[in-house]
Amino acid sequence: MKARTPKGTRDFNARELAKRHHVTSVIQSAFKRYGYAPLETPSFELSETLMGKYGEEGDRLIFKLLKSGNFMRSVAEGATPKASDIIDKALRYDLTVPFARYVVENFGQLPMPFKRYQIQPVWRADKPQKGRFREFYQCDADVVGSQSLWQEVELVNLYAEVFEALNLAVVIRLNHRGILSGIAEMAGVGDRLTEFTVALDKLDKIGQEGVVAELKDRGFSDDAIKKLSPALIPARSMDESLTALDGWFEGSEMGLKGIEDLRFILQHINSNIKVSLDISLARGLNYYTGCILEVNPVGLDMGSVGGGGRYDNLTGIFGKEGLSGVGISFGLDRIIMSLEELGQMPDGIVSCPQVLVLNQSDAEYAFKTCMALREAGIDADFYPDSAKMKKQFAYAEQRQIPWVIYAGEREAAESRVVLKHLADGTQTNLSIAAAIEQLKP
RNA sequence: GUGGUUGUAGCUCAGUUGGUUAGAGCGCCUGGUUGUGGUCCAGGAGGUCGUGGGUUCGAGACCCAUCUUCCACCCCA
């Protein structure tokens, strides 16, 4: 048997965990500062909770769990089982659907509006590639029970704050489902909005011509495509785009509502935040009904490091109609990769012991010394075997422990220790209390 | 799901048109040095060449399958 992790999964060593903790603590403290309460949900849900919520493509990517015990019991002899016959649970695919399930299940006990954040791994049976894993973390903040646009304003501010604190240059792109609907309506293809947005979503990838070609492929008429053409423009400054669309949307209620919403957001977010209108931003998830936003790192071919939007009826699928929600998500793994590629990940955040107590001629005295350091709140390690100095020093070096302490017979005799700094080789003979004083963080 | 790519020592990689006993650097272990690491010197361990089949007198190399890695598409964080 070969020891290895499953496809698309990773181990995180001390160094990597330090980086992850650095990023999550920035995100978490922002979530808390904006008034969100923490929530954790199970790593797996009933499969019926998840299936059908992410489109047909999504169902394929959900990790499904076999029924416990004899999972074939409801399958006729010799028959090919249907998925629903042999599975009844599935790994969490995102954090939004479990959140919706939680809200419906606990409705009545929850304060409204209800704001929660959640930082947990999710799983997708995707083929791994750059910046894409089968197990990865999402950091979500959502609020349900309020239609106020102030929520969107807050979330844009929150995004900007986090990425500024992380020192990651990003561009925040905004769009509105109403604008997409308005464009489709004006072109007389309002009934084929989803198809239209799927093609439009590729604008920055395949260009205007590519989108036109795809629309033709999908059977859109030349006339409709011609009318859609004002939409096929790349992202540009918010003000400019809104003014241009404003006149065009005359008579389209949905389109005008979209413009009005985005104007409100634009006017109220922190004035130093740059956002752009990107009408090609459609996002795969079709439950968004209002504002849509996505965040991309500048100067990297990385995909988005965050996204979100408003969904007017997410809880409807669990039988609770009319609850409006809006939320955003941070892609932790991609943020970390972006920071590393740009050389923006801070060094020296690895946590290791402050001092190694060497084990030489008096193990009991050395151990006692180590325990005294620990009781004083110092991260201290005790070398468990009376090995050669060479070996013990090599151990300290490999772990990047900055100090070592000699506490052998000679030191025990006078109740002192020798404290040595590895980097410059200086050492002093002093009392345990004095050593503690020197090592205190 | 489609197409491509990768796999040889702990790590990074050599390995000729198929030919004896598969190499290097770094790391590791032992000793020089049983209370002082990094340097130096001497010696040593470590590989069923991803796995399973096949072709061949002979396979690390060629063929097939499978797993894995990375990449593009689809989709997504």
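Chain naming here is simple, since letters A, B, ... match the order of the sequence lines and numbering starts at 1 in each. The analysis underlying the following values was restricted to heavy atoms, covering all of them including side chains, and did not include hydrogens, waters or symmetry mates.
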Could you tell me how far B/G23 sits from B/G47 if I compare only their P atoms? Round to whole Å. 14 Å
How about A/Asp140 and A/Ser329: does a side-chain donor come under 3.5 Å of a side-chain acceptor? yes
Categorize A/Gly425 for me: base, sugar-phosphate, or nothing, with a 4.0 angstrom heavy-atom threshold over every strand shown. base
Whole-Å distance between B/A77 P and A/Lys130 NZ? 18 Å
Ignoring backbone atoms, establish whether A/Lys388 has a side-chain N or O less than 4.0 Å from OP1 or OP2 of B/G31. yes
Distance, P atom - from B/C63 to B/U2, rounded to whole angstrom: 22 Å
Is there a side chain to side chain donor-acceptor pair (under 3.5 Å) between A/Gln427 and A/Tyr406 once you walk through the steps? CA-CA 10 Å; A/Gln427 60 185 60; A/Tyr406 288 96; 5.1 Å; no
Rounded to the nearest Å, what distance is computed from the CZ atom of residue A/Arg134 to the P atom of nucleotide B/C76? 17 Å
Rounded distance in Å between the P positions of B/U5 and B/A65: 13 Å
Rounded distance (nearest 0.5 Å) linking atom CD1 of A/Ile436 with atom CG of A/Leu430: 10.0 Å
Base paired to B/C62 (Watson-Crick or G-U; both N/O distances under 3.5 angstrom): B/G54
Counting neighbours of CZ on A/Phe44 that are heavy atoms of other residues, nucleotides or ligands and sit closer than 6.0 Å, is the number greater than 12? no
Under 3.5 Å donor-acceptor pair, A/Arg124 side-chain atoms to B/C75 base atoms: no
Once you round it to whole Å, what is the distance between C1' of B/U68 and CZ of A/Arg10? 16 Å
On a plain distance test, is the side chain of A/Lys127 in donor-acceptor contact with the base of B/U2 below 3.5 Å? yes
How would you label the contact of A/Val404 with the nucleic acid (heavy atoms, under 4.0 Å): base, sugar-phosphate, or nothing? nothing
Distance check needed: B/C71 P versus A/Asp126 CG, whole Å only. 13 Å
Identified pairing partner of B/C26, criterion: Watson-Crick or G-U wobble below 3.5 Å: B/G10
Closest to the A/Phe393 side chain: B/C71, B/G35, B/G37? B/G37
Base, sugar-phosphate alone, or nothing: which one does A/Phe330 contact when heavy atoms must sit under 4.0 Å apart? nothing
RNA chain B nearest-nucleotide lookup for A/Gln398 and A/Asp424: closer to the 5′ end is A/Gln398
Report the distance from atom CG of A/Leu91 to atom P of B/A77, rounded to the nearest whole Å. 17 Å
Per atom distances to the A/Arg334 side chain, the nearest of B/G35, B/A77, B/G38 is B/A77
Using the C1' atom as the point on both nucleotides, what is the distance between B/C74 and B/U55, in whole Å? 38 Å
Decide if atom CD of A/Glu364 counts as having more than 12 heavy atoms of other residues, nucleotides or ligands within a radius under 6.0 Å. no
Please check if atom NE2 in A/His421 has more than 12 non-hydrogen atoms from other residues, nucleotides or ligands closer than 6.0 Å. yes
Write down the partner of B/G1 under the Watson-Crick or G-U wobble criteria, each distance required to be under 3.5 Å. B/C73
Heavy-atom donor-acceptor pair, A/Gln427 side-chain to B/G35 base, under 3.5 Å: no
Report yes if a side-chain nitrogen or oxygen of A/Gln129 is closer than 4.0 Å to either non-bridging phosphate oxygen (OP1 or OP2) of B/A72; otherwise report no. yes
Hey, which sits more toward the 5' end of RNA chain B by its nearest nucleotide, A/Gln138 or A/Pro6? A/Pro6
Nearest-angstrom distance, P atom, B/U66 to B/G3: 12 Å
Quickly work out the A/Gln392 CD to B/G35 C1' distance and round it to whole Å. 10 Å
Gap between atom CD of A/Gln138 and atom CG of A/Asp94 - 0.5 Å precision: 6.0 Å
Verify the ring-centre separation between A/Tyr102 and A/Phe318: is it less than 6.0 angstrom? no
A/Gln360 side-chain N/O to B/G35 phosphate OP1/OP2 under 4.0 Å: yes
Can you tell me how far C1' in B/G50 sits from the matching atom in B/G32, rounded to whole Å? 41 Å
Euclidean distance for P, B/C13 against B/U8 (whole angstrom): 9 Å
Between B/G31 and B/G52, how many Å separate the two C1' atoms, rounded to a whole number? 45 Å
Nearest whole angstrom, please: distance from the C1' of B/U34 to the CD of A/Glu409. 12 Å
With a 3.5 Å cut-off and heavy atoms only, can you find an N or O donor on one side and an acceptor on the other between the side chain of A/Arg132 and the base of B/C75? yes
For A/Ser361, answer base if it contacts any base atom (sugar-phosphate contacts may also be present), sugar-phosphate if it contacts only those atoms, and nothing otherwise; contact means non-hydrogen atoms under 4.0 Å. base
Tell me: NZ of A/Lys391 to C1' of B/G32, nearest whole Å? 17 Å
Could you check whether A/Ala387 gets within reach of a base, just the sugar-phosphate, or nothing at all, counting any heavy atom under 4.0 Å? nothing
Considering just the side-chain nitrogens and oxygens of A/Lys7, establish if one lies under 4.0 Å of OP1 or OP2 belonging to B/U68. yes
